[in-house]
Amino acid sequence: MVLKLFVMPRKVRVRFAPSPTGPLHIGGVRTALFNYLFAVKHKGDFILRIEDTDQARFVPGAEAYIMESLKWCGLHYNEGPDIGGPHEPYRQSDRKDLYRQYAENLISSGNAYYAFDEPDTLDSLRKQYESEGKVFQYDASTRLTLRNSLTLSEEEVTRLIETSTPHVIRFKMPENEEIRTTDLIRGEVTFHTALLDDKVLYKADGLPTYHLAHLIDDFLMEITHVIRGEEWLPSFPLHVLLYKAFGWENDMPQYAHLPLILKPGGQGKLSKRDGDKMGFPVFPLQWTDPFTGEVSSGYRESGYFPEAVINMLAFLGWNPGTEAEFFTLDELVDAFTFDRVGKSGARFDPEKAKWYNQQYLKYKSDEELTSLFIPILQKKGFPINPRHIKKVTALIKERLVFPQDFWEQAFYFFEGPESYDQQMQKKVWKEDTPGIIASVRELLKETKDFSSAGLEALIKNYIEQNNIGFGRVAAPLRLLIVGSGMGPHLFDILEMIGKEETIRRINKGLEMIQ
RNA sequence: GGUCCGUUCGUCUAGGGGUUAGGACGUCAGGUUUUCAUCCUGGUAACGGGGGUUCGAUUCCCCCACGGACUACCA
């Protein structure tokens with residue numbers, strides 16, 4: 001029976017653990033996505049944990065923003081601060097009392113120590129080293145010269161702690177060990193502890209650092225796989241050592257470090273600070289900075305569909321190995337594996353994001369799109385006729401990238417042009433045009449059949465009898481009806497706007513173009 | 001500076017010891033369309049450099065270059 005417990009595979013449990021220091025950016029969304037895909041694929045749990053141990057960088061509203069973003073993307077978590085779960089609480093500030101004892105355990109076992117150095121002391125040491133062309137590191141080479149429980153007497157340490165002297169707890173990094181471990185994406189990776197420093201695990205403010213907190217929580221929450229950004233790779237050995245120091249190595253999760261998403265233009269990873277200064281949103285949802293009031297655009301408000309954003313994000317650093325490029329969330333779940341995740345950073349391509357959106361828009365039903373366009377028309381004060389709007393939708397949907405392109409591409413179904421495109425006018429408005437248009441107008445007035453096909457037959461008959469080209473009629477007529485060369489089949493437009501409006505626009509245009 | 005990770009068309013990528021190095025976005029040209037968009041067809045364009053290993057390397061190994069990440073009492 002006992003043996004059976006050992007071989008029983010653990011249920012997959014992954015977590016997305018952002019810190020609420022601002023809006024989540026799309027790199028974060030992708031990390032969440034990959035976690036979600038892996039969890040669902042393995043019928044495991046996807047947990048949201050808020051890592052708010054840095055009180056100085058706390059931003060109000062960020063936590064709610066993160067949850068709303070995940071919801072918008074359809075990335076549902078099984079446990080989290082708002083929905084609870086078996087390992088509550090899911091906010092590190094609410095678990096504050098838990099961490100100190102673990103840090104002290106590490107001291108008892110000789111893996112950590114108290115340090116009383118003031119930040120200023122360390123700062124000036126860094127500067128001093130720098131001026132000598134060296135880099136100061138709190139490690140085996142320096143720790144014995146500093147103020148900590150390794151150099152102070154036991155009585156002195158006790159006294160300092162009892163008098164609440166500000167202090168931190170540092171990890172005692174082994175002097176010279178090779179750490180060889182495995183990353184799900186990169187394979188074997190090696191590090192040398194000689195280059196690592198004695199990281200602070202517990203801060204003077206009474207809160208743990210990321211390194212301590214995330215690890216204890218991952219252990220307590222029975223996380224089996226840590227899927228995070230590549231920026232964590234350098235501290236991976238510290239985490240491995242920490243698991244060892246706690247004696248938890250058998251429960252250590254497997255790690256996957258995702259390649260970063262880079263700026264489109266060139267250097268560096270895409271960051272929150274980029275805002276939407278680069279001409280595209282970097283945030284899933286619009287965000288208003290609570291301190292400065294500055295507004296950054298979001299994918300949602302810019303007219304992107306969450307399915308398109310998810311699809312696009314999944315393909316940044318991952319691919320199915322086939323030529324298929326459209327995947328729903330469920331299909332991504334089926335197809336996702338770590339061995340198809342790339343190792344190198346992926347430059348974000350705003351053009352491709354737009355293209356994905358265009359494709360998703362095109363495949364949406366006319367009904368669904370119609371319901372998206374109705375509010376646009378309502379805002380403009382037009383009476384709403386869903387049946388009519390649906391017909392317009394069918395006619396123009398393939399020329400839209402975003403729902404809000406609707407008005408620009410379809411206004412002429414609702415109101416006549418305000419002006420006439422100069423280029424087009426020059427090209428198609430000949431001396432005899434007014435005469436031709438005037439006689440066409442009379443034909444239109446008289447006809448009983450104002451259907452698209454009927455009108456087309458009518459005009460074709462006219463050009464044959466007068467022996468002129470189709471374009472001599474159609475092009476100027478379009479100019480009068482639409483105001484430019486855009487739009488679907490001309491007679492479809494005429495049918496939609498009706499005889500009365502058609503004649504009205506012809507008359508108005510004839511007057512204005514002289 | 002140091003450490004770690006990476007390097008196939010402009011971008012996202014497939015591939016893998018012998019291939020016409022494939023696809024997608026973009027771009028260009030042609031076709032369809034009375035126009036625009038869509039759509040179709042076609043073109044452009046890549047294995048960073050140098051050494052090995054090998055009959056043969058873009059593919060395996062090493063070095064260099066370049067890029068990125070990290071180097072806080074931030075995550």
Side-chain angles (χ1 to χ4, degrees), chain A residues 17-21 51-54 56-57 92 115 117-119 122-123 126 130 133-135 137-138 166-170 183 185-186 189-192 194-197 199-211 213-214 228-237 257 259-260 262 264 266-269 312 315-325 340 342-356 358 362 396-401 405 409 421 424 427-428 456 459 463 469-479 482 484-491:
Chain A
S19 73
T21 54
E51 309 224 325
D52 56 350
T53 53
D54 184 358
R57 290 204 307 160
Q92 287 182 333
D117 315 274
E118 306 213 356
L122 264 18
D123 272 354
R126 281 196 188 94
E130 205 183 330
K134 293 188 289 187
V135 176
Q137 197 168 269
Y138 209 122
H167 62 278
V168 302
I169 297 175
R170 283 182 183 272
D183 176 88
I185 293 168
R186 280 148 232 281
V189 284
T190 49
F191 304 89
H192 295 91
L195 293 328
L196 271 19
D197 66 342
K199 275 272 172 306
V200 170
L201 300 178
Y202 199 85
K203 299 180 282 177
D205 65 4
L207 284 164
T209 60
Y210 167 83
H211 299 106
H214 95 275
R228 72 214 316 193
E230 194 188 312
E231 68 267 30
W232 294 110
L233 202 49
S235 50
F236 188 17
H257 292 92
L260 267 13
L262 276 15
Q267 74 290 119
K269 66 169 176 174
M312 178 269 296
F315 272 67
L316 237 36
W318 173 87
N319 78 83
T322 67
E323 280 174 12
E325 48 198 352
R340 299 220 61 90
K343 293 178 174 67
S344 47
R347 200 152 284 160
F348 179 71
D349 183 357
E351 287 306 313
K352 197 130 186 191
K354 277 189 205 162
W355 176 77
Y356 264 116
Q358 184 179 24
K362 207 164 67 180
I396 53 93
K397 68 193 282 190
E398 66 203 15
R399 51 197 81 214
L400 310 183
V401 173
D405 295 341
Q409 292 298 328
D421 183 80
M424 171 91 173
K427 220 170 109 184
V428 307
E456 185 164 355
I459 300 301
I463 61 161
F470 196 34
R472 300 294 307 281
V473 179
L477 193 52
R478 175 181 294 276
L479 183 65
V482 175
S484 70
M486 73 194 305
H489 197 52
L490 179 59
F491 302 113

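In what follows, chains carry the letters A, B, and so on, assigned in the order in which the sequence lines appear, proteins first and then strands, with residues in each chain numbered from 1.
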Subject >> Rounded distance in Å between the C1' positions of rG15(B) and rA46(B) >> reply: 13 Å
Subject >> From NE2 (H214(A)) to CD (Q92(A)), nearest 0.5 Å >> reply: 9.5 Å
Below 3.5 Å is the cut-off: list the nitrogen or oxygen pairs between protein and nucleotides 19-25 of chain B, distance only.
| residue | atom | partner | partner atom | Å |
| --- | --- | --- | --- | --- |
| rG22(B) | O2' | E323(A) | OE2 | 3.4 |
| rG23(B) | O4' | E323(A) | OE2 | 3.3 |
| rA24(B) | O2' | E325(A) | OE1 | 3.2 |
| rA24(B) | O2' | K352(A) | NZ | 3.4 |
| rA24(B) | N3 | K352(A) | NZ | 3.0 |

Original post:
For rU27(B), which nucleotide is its Watson-Crick or G-U wobble mate, given both distances must be under 3.5 Å?
Top reply: rG43(B)
Original post:
Quick one: does R340(A)'s side chain have a donor or acceptor within less than 3.5 Å of a partner on N319(A)'s backbone?
Top reply: yes
Original post:
Considering only the C1' atoms, how many Å lie between rU54(B) and rC61(B), rounded to the nearest integer?
Top reply: 12 Å
Subject >> For rU7(B), the Watson-Crick or wobble partner whose two distances fall under 3.5 Å >> reply: rA65(B)
**OP:** Let me know the distance between CZ of F348(A) and P of rC12(B), rounded to the nearest Å.
**Re:** 12 Å
Subject >> Watson-Crick or G-U wobble mate for rU32(B), both contacts under 3.5 Å >> reply: none
Original post:
Roughly how many Å is it from NZ in K354(A) to P in rU27(B), rounded to a whole number?
Top reply: 10 Å
Original post:
Closer than 4.0 Å, any side-chain N/O of N319(A) to the OP1 or OP2 of rA14(B)?
Top reply: yes
Original post:
What is the distance from atom CG of D405(A) to atom CD of Q358(A), rounded to the nearest 0.5 Å?
Top reply: 9.0 Å
Subject >> Inter-residue atom distance R228(A).CZ - F236(A).CZ, 0.5 Å rounding >> reply: 7.0 Å
Original post:
Can you name the residues that form a ring-ring contact (aromatic ring centres under 6.0 Å, His included) with F315(A), not counting sequence neighbours?
Top reply: W318(A), F327(A)
Subject >> Under 3.5 Å donor-acceptor pair, H192(A) side-chain atoms to rU3(B) base atoms >> reply: no
Original post:
How do F191(A) and H489(A) order along RNA chain B: which one's closest nucleotide is nearer the 5' end?
Top reply: F191(A)
Subject >> Contact letters for nucleotides 59-64 of chain B, in which S counts primed atoms plus P, OP1 and OP2 and B counts the base, heavy atoms under 4.0 Å >> reply: ------
**OP:** Sticking with atom C1', work out how far rG17(B) lies from rG6(B), rounded to a whole angstrom.
**Re:** 23 Å
Subject >> Distance in angstrom units between K343(A) NZ and rU7(B) P, rounded >> reply: 7 Å
**OP:** Please measure how far the P atom in rG16(B) lies from the corresponding atom in rA29(B), and state the result in whole Å.
**Re:** 37 Å
Subject >> For E351(A), salt bridge (Lys or Arg N to Asp or Glu O under 4.0 Å) partners two or more places apart >> reply: K354(A)
Original post:
Going from CE on M312(A) to OH on Y356(A), what distance comes out if it is rounded to the nearest 0.5 angstrom?
Top reply: 9.0 Å
Subject >> Short side-chain to backbone donor-acceptor contact, K203(A) and T53(A), under 3.5 Å >> reply: yes
**OP:** Indicate the atoms forming the closest heavy-atom contact of R478(A) with M486(A), along with that distance.
**Re:** NH1-O, 2.6 Å
Original post:
Mind checking the C1' distance from rC73(B) to rA65(B)? Whole angstroms is fine.
Top reply: 38 Å
Original post:
If you pin V189(A) and M424(A) to their nearest nucleotides in RNA chain B, which one's is more 5'?
Top reply: V189(A)
**OP:** Can you tell me the distance, in whole Å, between the CG atom of L316(A) and the P atom of rC12(B)?
**Re:** 8 Å
**OP:** Could you tell me which nucleotide pairs with rG17(B) by Watson-Crick or G-U wobble geometry, both distances under 3.5 Å, or answer none if nothing does?
**Re:** none
Original post:
Between atom NZ of K352(A) and atom CD of E325(A), what is the distance when rounded to the nearest 0.5 Å?
Top reply: 7.0 Å
**OP:** Could you measure between the two C1' atoms, the one in rU7(B) and the one in rG49(B), and give it in whole Å?
**Re:** 12 Å
Original post:
Just how far, in rounded Å, is C1' of rA14(B) from CZ of R340(A)?
Top reply: 7 Å
Original post:
Just by distance, do the side chain of D183(A) and the backbone of H257(A) share a donor-acceptor pair under 3.5 Å?
Top reply: yes
Subject >> Protein-nucleotide distance (L195(A), atom CG; rC4(B), atom P), rounded to Å >> reply: 7 Å
Original post:
Closest heavy-atom contact between S344(A) and P259(A)?
Top reply: O-CB, 3.3 Å
Subject >> Value rounded to 0.5 Å, distance of CD in Q137(A) from CG in L195(A) >> reply: 7.0 Å
**OP:** Let me know the distance between CD of E398(A) and P of rC40(B), rounded to the nearest Å.
**Re:** 12 Å
Subject >> rC70(B): pairing nucleotide in any strand, Watson-Crick or G-U under 3.5 angstrom >> reply: rG2(B)
**OP:** Treat primed atoms plus P, OP1 and OP2 as sugar-phosphate and everything else as base, then score nucleotides 69-75 of chain B 5' to 3': B for base contact with protein heavy atoms under 4.0 Å, S for sugar-phosphate contact only, - for none.
**Re:** SS--BBB
Original post:
Given rC39(B), is OP1 or OP2 found less than 4.0 Å from the side-chain N or O atoms of K362(A)?
Top reply: yes
Original post:
Reckon G317(A) touches a base, only the sugar-phosphate, or nothing at all at heavy-atom distances under 4.0 Å?
Top reply: sugar-phosphate
**OP:** Sticking with atom P, work out how far rU58(B) lies from rG50(B), rounded to a whole angstrom.
**Re:** 10 Å
**OP:** Could you tell me which residues satisfy ring-ring contact (aromatic ring centres under 6.0 Å, His included) with H211(A), sequence neighbours excluded, listed by chain and number?
**Re:** H239(A)
**OP:** Please measure how far the C1' atom in rA14(B) lies from the corresponding atom in rA24(B), and state the result in whole Å.
**Re:** 11 Å
